[in-house]
Amino acid sequence: MRVSHLLIPTLREDPGEAEVVSHRLMLRAGLIRKVAAGIYTYLPLGLRVIRKIETIIREEMTRAGAQELLMPIASPAELWRETGRWDYYGKELLRFKDRHERDFCLGPTHEEVITDLIRREVRSYRQLPLNCYQIQTKFRDEIRPRFGLMRGREFIMKDAYSFDVDEEAARVSYQKMYDAYQRIFTRCGLTFRAVEADTGLIGGTSSHEFMVLAETGEETIVYTEEGTYAANVERAEVLPPVRVSDEPQRPLQKVSTPGMKTIVDVTGFLKTTPDRLVKTLLYKTPKEVVAVLVRGDHELNEIKLRSLLDVTDLEMADPETVIACTGAPVGFAGPVGLRGVRIVADQAVAALRNVIVGANEADAHYVDANLDRDFNIDLAGDLRKAEAGDPSPRGDGTLKVARGIETGHVFMLGTKYSVTMKATFLDPQGRERLAVMGCYGIGVGRTAAAAIEQNHDQKGIIWPLPIAPFHVHLLPLGPSPKVVEASQRLYEELTGAAIEVLWDDRDERAGVKFNDADLIGTPYHLVIGEKGLAQGTVEVKERRTGTSTKLPPDQVLTHLRQALEAIRAS
RNA sequence: CGGGGCGUAGCGCAGCCCGGUAGCGCACUCGCUUGGGGUGCGAGAGGUCGGCCGUUCAAAUCGGCUCGCCCCGACCA
């Protein structure tokens, strides 16, 4: 295609609104334009990338036995009320009324709609297993959309839903999707890792996230070098302490700690280390306030606390509540003598002896407090965040930490939706059974953004070939008729051979064309200049390495074919 | 929603403290020039200074309200 015929509004300067590399480069290279917060138009170049990713997804979904359909974006409230998610989903669900005052929403995900379809159409075990997917626009009214396509409110998602006769069959379906995702992200040219994950609002029994590794990723993952374990920190399990302290118990003692409110203050003041201290955090759930005990050097994982308490709403107590419950200002809460609230503790706390805790009065702490003697715990469990250096919860090795971008997520749903929506079928014995479900998402735009995060340099994007908007950027330099003529010939020859060529036919200076080409980031640049032609050569330049090869025009096709094949194969 | 910041030409910004003619660079149009890493010169076009209300002889500038956007935290493909 000719640049002069395409809308490719490249920007010379960084747009002020973009902070993150992929967002900046998508705007600068003319891939997207913002319409409102988290809502974007895909320009021709951006759309080509999206389509390439979609094609890879379609091929792999088909190969995995899934079939494509397309559900509506708007869906009626009744379906969502059936599963309870009309209330549960919160403000992220964009709701509206039609002209008859009926409640509708824009689909943030489609479990309700697909389950409604399947319960109507599937009556027999003979029709299972079934895996349906779509590539469609989703709308989630995110609290804070950011980073361009990385977290939009409106975004393109591939979502698949599997229905099986039982758990075992569902695990097979899940594994097929897991494998398909491995192939999809590999084919997109990404470096990624599948990790165990929390199931969040979607629910279900277990899940894996596919994380594209990037420093700018919003997620933190932990993993072992040995590959025995990888998980989102939100989810990562922590083993119980291997041994309980055998220190003899010393008598409880109250000490004055004027103005010492933080771990750093207290440990500095008492000349000790954070692991000798137990911090007491007060949390509010809709029905109660709880005190949470965590070792001083550990960090509480709120998701674990949420599931231990079996609540979805959880927030740190405000200062007034802290005073009301402990009788002391924030910074001096402790379990000793604490009445009227449940005390839950991380498992590591139980292994400690002679710890420092707040005394529930201003400017005072207890030292040498001991569990069972000085205070009690109502509930204990794994509550802290995993951190680098922790032993792997599975087998050998210690955990390392990395950042990632969640581009895909697969869930074993179990019967969560089939129960509430009565999606049943008859088994061979004529008994009514619940379909066992799975669901599987890929953020298409986010995958494109992740690819840029992983593949760029100072000058711009460096697309992995399989998702590049074009294979070759044809750059004729100068207005010479010979150059124009040679370009035209090469363009036709390459295009005829199914190589996708972006032809910069603008009357622009060499520098402008080079800079735009580097910014747009097609894998190969084909440079045609008067000087080269005089020597009977043109130049093929690899965007990633910058290496260029001079060769006669009639060898370009063969050369590029080989180069493109080589990348495809790698 | 809490914290921080920003709205001035298509883009990037200055002007605002200290009220008085709206400015710079890029992009755009025309002419010449140049032609292998964002040519040079000249001439132009383009702005309700986010919106509303107020203070004032006078508001981009001061005050209040409001809308939008960006960044940091709780949600997620």
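Numbered from 1 within each chain, the chains take letters A, B, ... in sequence-line order. On a predicted model such as this, the values are computed, not experimentally measured, just so you know.
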Query - Watson-Crick or G-U counterpart of B/G42, or none if no pair lies under 3.5 Å - result: B/C30
Query raised in the report: Does a donor on one side chain and an acceptor on the other come within less than 3.5 Å for A/Lys279 and A/His298?
Result: no
**Report entry** Residue pairs fulfilling side chain to side chain donor-acceptor pair (under 3.5 Å) with at least one residue in residues 401-410 of chain A, sequence neighbours excluded
**Finding:** A/Ser207-A/His409, A/Thr220-A/Arg403, A/Glu406-A/His409
Requested in this report: Give A/Gly529 one of three labels, base, sugar-phosphate or nothing, depending on what nucleic acid heavy atoms sit under 4.0 Å from its own.
Outcome: base
Report task. Counting heavy atoms from C-beta on, name the nucleotide in B/C75, B/C76, B/G36 closest to the side chain of A/Phe514. Result -> B/G36
Requested in this report: Could you tell me whether A/Lys385 atom NZ has more than 12 heavy atoms of other residues or ligands within 6.0 Å of it?
Outcome: no
Report task. Remember a base hit wins even if backbone is also touched, and classify A/Glu219 as base, sugar-phosphate or nothing at under 4.0 Å, heavy atoms. Result -> base
**Report entry** Close residues, residues 536-544 of chain A, relative to RNA chain B [heavy-atom separation under 4.0 Å]
**Finding:** A/Glu539, A/Lys541
Query raised in the report: Are side-chain N/O atoms of A/Ser75 and A/Trp80 paired as donor and acceptor at under 3.5 Å?
Result: yes
Query raised in the report: Among A/Lys482, A/Arg489, A/Gln488, which one satisfies side-chain hydrogen bond (donor to acceptor under 3.5 Å, both in side chains) with A/Glu485?
Result: A/Arg489
Query raised in the report: Expressed in angstrom and rounded to an integer, what is the separation of A/Arg140 atom CZ from B/C75 atom C1'?
Result: 10 Å
**Report entry** C1' gap between B/C67 and B/G51, integer Å
**Finding:** 7 Å
Query - Rounded distance (Å) that lies between atom P of B/A77 and atom CZ of A/Arg151 - result: 10 Å
Report summary line: Applying side chain to side chain donor-acceptor pair (under 3.5 Å) to A/Arg95 and not counting sequence neighbours gives none
Requested in this report: State the pairing partner of B/G54; accept Watson-Crick or G-U wobble contacts with both distances under 3.5 Å, and report none otherwise.
Outcome: B/C62
Query raised in the report: Should the heavy atoms of other residues, nucleotides or ligands under 6.0 Å from CD of A/Glu542 be counted, would the total exceed 12?
Result: yes
Query raised in the report: Tell me: CG of A/Leu94 to P of B/C76, nearest whole Å?
Result: 17 Å
Query - Under 4.0 Å protein heavy-atom contacts per nucleotide of nucleotides 23-34 of chain B, with B for base, S for backbone only and - for none - result: --BSS------B
Query raised in the report: P atom, B/G47 versus B/U34: distance in rounded Å?
Result: 35 Å
Query raised in the report: Taking the same atom, P, in B/G54 and in B/A9, what whole-Å distance lies between them?
Result: 26 Å
Report task. Compute whether any side-chain donor of one residue and acceptor of the other, for A/Gln134 and A/Asp159, lie under 3.5 angstrom apart. Result -> yes
Report summary line: In 5'-to-3' order, the base (B), backbone-only (S) or no-contact (-) status of each nucleotide in nucleotides 67-74 of chain B, using a 4.0 angstrom heavy-atom cut-off, is --SSBBBB
**Report entry** side chain to side chain donor-acceptor pair (under 3.5 Å): pairs with one or both residues in residues 508-523 of chain A, sequence neighbours excluded
**Finding:** A/Thr10-A/Asp516, A/Arg506-A/Asp516
Query raised in the report: Mind checking what makes salt bridge (Lys or Arg N to Asp or Glu O under 4.0 Å) contact with A/Glu218, not counting sequence neighbours?
Result: A/Arg146, A/Arg151
Query raised in the report: Listed by chain and number, what are the side chain to side chain donor-acceptor pair (under 3.5 Å) partners of A/Asp116, not counting sequence neighbours?
Result: A/Arg119, A/Arg120
Query - Contact list for RNA chain B against residues 440-448 of chain A - heavy-atom distance below 4.0 Å - result: A/Ile442, A/Gly443, A/Arg446
Query raised in the report: Could you give all pairs that pass the salt bridge (charged side-chain N to carboxylate O under 4.0 Å, His left out) test and reach residues 175-191 of chain A, with sequence neighbours left out?
Result: A/Glu59-A/Arg187, A/Glu60-A/Arg183, A/Glu60-A/Arg187
Query raised in the report: Checking all strands, does A/Asp14 fall into the base, sugar-phosphate, or nothing category for heavy-atom contacts under 4.0 angstrom?
Result: sugar-phosphate
Requested in this report: Using side chain to side chain donor-acceptor pair (under 3.5 Å) as the criterion, list what pairs up with A/Tyr181, not counting sequence neighbours.
Outcome: A/Lys158
Requested in this report: Take atom P in B/A58 and the same atom in B/A14, then report the distance between them in whole Å.
Outcome: 30 Å
Report task. Using the test side chain to side chain donor-acceptor pair (under 3.5 Å), find all partners of A/Thr216 that sit at least two apart in sequence or belong to another chain. Result -> A/Glu453
